[in-house]
Amino acid sequence: MTDVCGRYAPTPSGRLHLGNARTALLSWLWARSLRGRYVMRVEDLDPGRSRAEHERDQLADLRWLGLDWDEGPDVGGAHGPYRQSERGEHYAAALARLHTFECTCTRRELREATFAPHGREPVYPGTCREGVSHPERPRAIRWHTPPGVMELHDAIQGPQREDVEREAGQFVLRRADGAWAYQLAVVVDDAAMGVTHVLRGADLLHSTARQVLLQRTLGLPTPAHAHVPLVVGPDGEKLGKRHGAPDLTALREGGADPQRVVAALARSVGLVGASVVRVRARALVADFDVTRIPGHDTALESTDVQ
Ligand code: GLU
Ligand code: ZN
């Protein structure tokens, strides 16, 4: 094995759909094709939305697809625990090293005070920077984001630039209800687990600059990034229930052939030709090249997998 380490980091708030399956498969192929380790990390930061049965089904689904992992909540490992709900002390230690401030603004106040670019969270207007506006309320913790433009390279999406302070603002590291923010947890955990290769959905591309800024400020290494396109239905919208697309648990429990599912996922990003109807995940390792994955959304017919 090399020093390369990849990971998949599912949120156990529901079932995995075909888009998640494709992202997981590609992240596994990237790590394995570089002879790296692979870590399964459960991102159960939100206690209200995370369920043990979703974690169980998700891991069973991923094994059914043919993926394996060297470390994870079900197999253990040297960098655990592998559930974010059990890693609070690591996040607290990182938080203590950052220049932060408390914030008592509600979502509604923020919505009213700010203009959110389409599809993004509102940029924090700075209300509590010099002191909280409502001392009686519970307090979130925000980061005094350092100024400057981040330049990043994404193995699929190419060069990226972002002024974090202006475009994401002084973002939350810990919510007022005590839950740790994804942005902080992911940075702390990727470093603690030795992750060198992050492949995930393109919906997280805009989070990367914030994470790299945290890594640099905390003196942590920055992994290589690859953001894979979303899976869309024939109508160009994100593939989902509306398209009659089955989730992975339904496919597994319904007796579907996992090699057909892997083949359909692989065809949709051009890893195999149109004539390949069944393939093992393992068989895709040798030829995998992350730079050949298309950067744009790609369609998948849900009938392809059944
Ligand atoms: N937990 C995130 C999700 O389920 C993925 C985070 C990441 O890969 O950085 O979308
Ligand atoms: Zn505030």
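Bear in mind that the values here come from a model prediction, so they are computed numbers and not experimental data. Only heavy atoms go into these numbers, but all of them, side chains included; no hydrogens, no water, no symmetry mates. Note that ligands are numbered from 1 as they come in the structure, with each ligand's atoms numbered from 1 the same way.
For the pair OH of Tyr124 and SG of Cys105, the angle at the Zn ion (ligand 2) is about 110°; rounding is to 10 degrees.
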Only distances under 3.5 Å count here; give the side-chain donor-acceptor pairs of residues 269-278 to other protein atoms, sequence neighbours excluded, each with its distance to 0.1 Å.
unit_1 : atom_1 : unit_2 : atom_2 : d
Arg278 : NE     : Asp257 : OD2    : 2.6
Arg278 : NH2    : Asp257 : OD2    : 3.2

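Legend: residues meeting ring pair (Phe, Tyr, Trp, His ring centres under 6.0 Å) with His153, ordered by chain and number and at least two apart, are absent. Applying the ring pair (Phe, Tyr, Trp, His ring centres under 6.0 Å) criterion to His54, with sequence neighbours excluded, gives no partner residue.
Going from atom NE2 of His206 over to atom CD of Gln211 covers 11.0 Å, rounded to the nearest 0.5 Å. Distance CZ/Arg37 to NE2/His197: 12.5 Å, rounded to 0.5 Å.
Using a 30° and 60° split on the angle between ring planes, Phe101 and His144 fall in the tilted class, from 30° to 60°.
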Any protein N/O atoms within less than 3.5 Å of an N/O atom in ligand 1? List the atom names and distances, or say none.
unit_1   : atom_1 : unit_2 : atom_2 : d
ligand 1 : 1 (N)  : Ala9   : O      : 2.8
ligand 1 : 1 (N)  : Thr11  : OG1    : 3.0
ligand 1 : 1 (N)  : Glu43  : OE1    : 2.5
ligand 1 : 4 (O)  : Thr11  : OG1    : 3.0
ligand 1 : 8 (O)  : Arg7   : NH1    : 2.5
ligand 1 : 9 (O)  : Arg7   : NH1    : 3.4
ligand 1 : 9 (O)  : Arg7   : NH2    : 3.0
ligand 1 : 9 (O)  : Tyr182 : OH     : 2.8
ligand 1 : 9 (O)  : Arg200 : NH1    : 2.9

